[in-house]
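Here's the structure we're looking at; comments come further down.
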Amino acid sequence: MIASFGGQRAAAFLMALAFWLSANRYIGIDHDARLYVLMASHWLSPDSYARDPWFAFGSQDDWSLFSPYLGIILKLLGVSHGAMLATLVQAVLFCVAALYLGGAMFRGRAGMLAGFLVASIPILYSPRGMLFVTEGFVTARGLAIPLSLIGLGLAFRNRGVPSLATTAAALLFHPIMAFAPAAVSVMLLAGKRRAKWLFILAALGIVVVFCSALVGRLSLVDDSWYYYASPAVLVFIDQWLIRDLPDLLFWAVPLVTAALYANPARRRVYELVMVVAVIAVAVSYVAAFYPVTIVLQAQFWRTLWLAKLVALVAAVDIGILLLVQRNRPYWRLLSAVMLALVLISLTHPLFAIVLLVASKLLSVTRLDWRRSPLCQHQHLIAYALPVLVLLLLPHLYFGLHSVGAALPPSRALPDWVLGVLGTGGFGIAAFLFWFALCKLPLRYSIIFVGLSLAVAVSGWDARGDERVALERGYRLPGDTSRVPNLIPPGSVVYWHQGSERVWFTLGTAGYASTTHATGLIFSRTRTLLLADRLQRLVVASSNLDRDIEEIDLSVAFARISARLPDLRLNVLAAYEDEMGRGLSNIGVRILCRDRELDFVIDLNHWKDLMPEMLPDLYDDGSGREYYVYQCKKLNQQPPLGDIYSALDRSGG
């Protein structure tokens, strides 16, 4: 019996891992992974990156233990393999956390279903598809989120010390992401009466923070900083909250419904998550109009990840309510469920299928649904289910097709199949696989799960050949494959559209890039420095249509801004469009007039600037050659026209 139970748990974990790997294909050292690998490299060799804008004035990495953790892995396995292994660790930990949270809140196989849904469905908690609860690259979030979920499950079981210890570990890796589940866990452990006082103290604390900013005790984001930080839609949520409000209300429906009718123990979880999320989003919304620096930096709106994840758990709870609760005003519950179905069917097929299919499939949990007062409605559900599924099939197909088209391409699979793999069919695959595991004998379940996991693993690495070749050339600072005779360690280098190669191929500090523009709200000094450097880069990359003697940086940038009105520090599309041409010989001189820049690397070969050839640091098969321009030598050359005096007049 024990062996059978252990085998079922192992099969459930491997199935959840297959879901995770299918939904989060590995994209390599890209997106936020670039910054996390950079910070780990900085932890290993601080002097090499000391002059990089990301570290020159401190960074949010000072508040996390993630860099030592990742740095040790990179040191042992190398950059490319270490980043992949760290991502796989995130996958394993998240699947453990999802199944543990489901098992902590539900008895029997319902917990497995909740874990499968959480592991298989990508949960977006920010606009523009930028941040998901699970991600196919290495981040500190990937550790903080599952640790927080384990801490929440332990708190639900009233295991205070282990819960607080796990929650503290999550806070040490990523305090912003772990703050909300930590608050919910503490209030669960505190009990209802103490939780009320905690809410009151939290509200008073928020009032004190805003009042302190009002009287000047805490700083506000000033106009010059706000100009560049305000387009950061993830921080100033007034720019997207109203637009995305229907989506937020949609996710709130199962939370509110379960908070009203669920088992009293689980009801508290839903209530606390809902209240914490509402308060957090409200505080972030107010801060968008009254920009208190510390409140904006805390990014309380990220509580939405927890609210949406727990909403999935609440959907399973609603399915159980339809079957086993007695002596309740069921007409109210049915009204709430039907309202949820109407809202959800207009937006997403997931919960409509969850609420209806669960009424049939959850019978395998051995719950006595025949005694439920809803038994008389079984025929209605039986008729409604196929009709609803048929109505939702076109929406479901096009949804899967659009998701698959956005995923890394596969030559062998059509888009809708990629969409199924990437979303679990919006919950359908989780139900089917869960039902199969519940019904199949253990020996067949292991074979079934093994085949599913093998398919998921075989398609997990979504990097292209050029990306793989690029990352194989990545080295840690101090490796012998560097070019110290040409570019000394610690130098500041601008590599046109190659900030990653400066950090991980040359192993030294970068000058400026759009990647540097991440997290503008954390440093006013860094924001203004990047604004100045990126403006210089835009001018250096533009086709100047006037004589050299008339060039002025401020005038040139104003002319470009007039042509591209959305050109700001972190508006990546406009910036990248302007940077696509490469540098001219005048542009190289403009960059090198900044005394903080040591070297410029570009594809263009300007003989009059006397460049040196950069050795092949990796073989990407492109045959491209790169040239190194030493700014110290350029600044010692006679001026070309009056460009130097023009730059000096503009503050260059």
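The structure presented is a predicted model; accordingly, all values stated were derived computationally and were not measured. Count residues from 1 along the sequence. Every heavy atom of this structure was used, including side-chain atoms; hydrogens, water molecules and symmetry mates were not.
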Please check if the side chain of [X] supplies one atom and the backbone of [Y] the other of a donor-acceptor pair under 3.5 Å.
X: Thr293; Y: Ser219; answer: yes
X: Glu612; Y: Gln630; answer: no
X: Arg536; Y: Ile590; answer: yes
X: Thr303; Y: Ala280; answer: no
X: Trp225; Y: Ile521; answer: no
X: Thr527; Y: Leu520; answer: yes
X: Arg34; Y: Trp503; answer: no

Kindly compute the distance separating [atom1] ([X]) from [atom2] ([Y]), expressed to the nearest 0.5 Å.
X: Leu583; Y: Leu603; atom1: CG; atom2: CG; answer: 9.5 Å
X: Leu453; Y: Phe13; atom1: CG; atom2: CZ; answer: 8.5 Å
X: Ile29; Y: Ser80; atom1: CD1; atom2: OG; answer: 6.0 Å
X: Ser212; Y: Arg217; atom1: OG; atom2: CZ; answer: 8.5 Å
X: Leu591; Y: Arg589; atom1: CG; atom2: CZ; answer: 12.5 Å
X: Leu21; Y: Thr134; atom1: CG; atom2: OG1; answer: 10.5 Å

Any heavy-atom pair between the side chains of [Y] and [X] that's under 4.5 Å?
X: Arg593; Y: Asn635; result: yes
X: Leu234; Y: Pro127; result: yes
X: Val295; Y: Ser284; result: no
X: Leu77; Y: Ile73; result: yes
X: Arg463; Y: Glu471; result: yes
X: Phe94; Y: Val133; result: yes
X: Trp305; Y: Pro181; result: yes
X: Tyr511; Y: Asp594; result: yes

To check you understand the geometry: which heavy-atom pair defines the closest contact between [X] and [Y], and what is its length?
X: Ala16; Y: Ala119; answer: O-CB, 3.8 Å
X: Tyr228; Y: Ala531; answer: CZ-CB, 3.4 Å
X: Phe57; Y: Ser523; answer: CB-OG, 4.2 Å
X: Glu625; Y: Met613; answer: OE1-CE, 3.6 Å
X: Pro611; Y: Tyr629; answer: CB-CE2, 3.4 Å
X: Pro122; Y: Ser120; answer: CD-O, 3.5 Å

What side-chain donor-acceptor pairs closer than 3.5 Å can you find for residues 166-176, not counting sequence neighbours?
{"from": "Thr166", "atom 1": "OG1", "to": "Pro162", "atom 2": "O", "distance (Å)": "2.8"}
{"from": "Thr167", "atom 1": "OG1", "to": "Ser163", "atom 2": "O", "distance (Å)": "2.8"}
{"from": "His174", "atom 1": "ND1", "to": "Met177", "atom 2": "N", "distance (Å)": "3.3"}

| query | Side chains of Arg524 and Ser224: is there a donor and an acceptor less than 3.5 Å apart? | reply | yes
| query | Does any donor atom in the side chain of Ser491 or Thr508 lie under 3.5 Å from an acceptor atom in the other side chain? | reply | no
| query | salt bridge (Lys or Arg N to Asp or Glu O under 4.0 Å): which pairs involve residues 164-179, sequence neighbours left out? | reply | none
| task | Among residues two or more places apart or on two chains, list those pairs meeting salt bridge (Lys or Arg N to Asp or Glu O under 4.0 Å) that have a residue in residues 35-51. | result |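 Residue pairs with at least one partner in residues 35-51: Arg51-Glu596, Arg51-Asp598.
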| query | Taking the six-membered ring for Trp, are the ring centroids of Trp301 and Trp240 within less than 6.0 Å of each other? | reply |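 Yes, they do, as the ring centres are separated by less than 6.0 Å.
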| Can you check side chain to side chain contact (heavy atoms under 4.5 Å, CB included) on Leu634 and Val588, steps first, answer last? | CA-CA 9 Å; Leu634 287 182; Val588 175; 3.6 Å; yes
| query | For Trp606, which residues count as a ring-ring contact (aromatic ring centres under 6.0 Å, His included) partner, sequence neighbours excluded? | reply |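 So Trp606 forms no ring-ring contact (aromatic ring centres under 6.0 Å, His included) with any residue.
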| message | Suppose we screen for ring-ring contact (aromatic ring centres under 6.0 Å, His included). Which residues come up paired with Phe522, at least two apart in sequence or across chains? | response |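 Partners of Phe522 under the ring-ring contact (aromatic ring centres under 6.0 Å, His included) test: none.
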Please state whether the rings of [X] and [Y] are parallel, tilted or perpendicular, taking 30° and 60° as the class boundaries.
X: Trp20; Y: Trp460; value: tilted
X: Tyr494; Y: His496; value: perpendicular
X: Tyr626; Y: Trp495; value: perpendicular

| side chain to side chain contact (heavy atoms under 4.5 Å, CB included) between Met39 and Phe55, worked out | CA-CA 9 Å; Met39 290 186 286; Phe55 305 106; 3.9 Å; yes
| task | Take Gln299 and Phe179, measure what side chain to side chain contact (heavy atoms under 4.5 Å, CB included) needs, and give me the verdict at the end. | result | CA-CA 10 Å; Gln299 300 183 31; Phe179 174 79; over 6 Å; no
| task | Check the pair Leu309, Leu101 against side chain to side chain contact (heavy atoms under 4.5 Å, CB included), reporting the backbone distance first and the verdict last. | result | CA-CA 11 Å; Leu309 186 147; Leu101 180 64; 4.2 Å; yes
| task | Return yes when atom NE2 of His81 has more than 12 non-hydrogen atoms of other residues, nucleotides or ligands closer than 6.0 Å, and no otherwise. | result |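 It does not: His81 NE2 has 12 such atoms or fewer within range.
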Please report, to 0.1 Å, the donor-acceptor pairs under 3.5 Å made by any side chain of residues 84-92, with sequence neighbours excluded.
{"from": "Thr87", "atom 1": "OG1", "to": "Ala83", "atom 2": "O", "distance (Å)": "2.8"}
{"from": "Thr87", "atom 1": "OG1", "to": "Val138", "atom 2": "N", "distance (Å)": "3.2"}
{"from": "Gln90", "atom 1": "OE1", "to": "Thr139", "atom 2": "N", "distance (Å)": "2.9"}
{"from": "Gln90", "atom 1": "NE2", "to": "Phe137", "atom 2": "O", "distance (Å)": "3.2"}

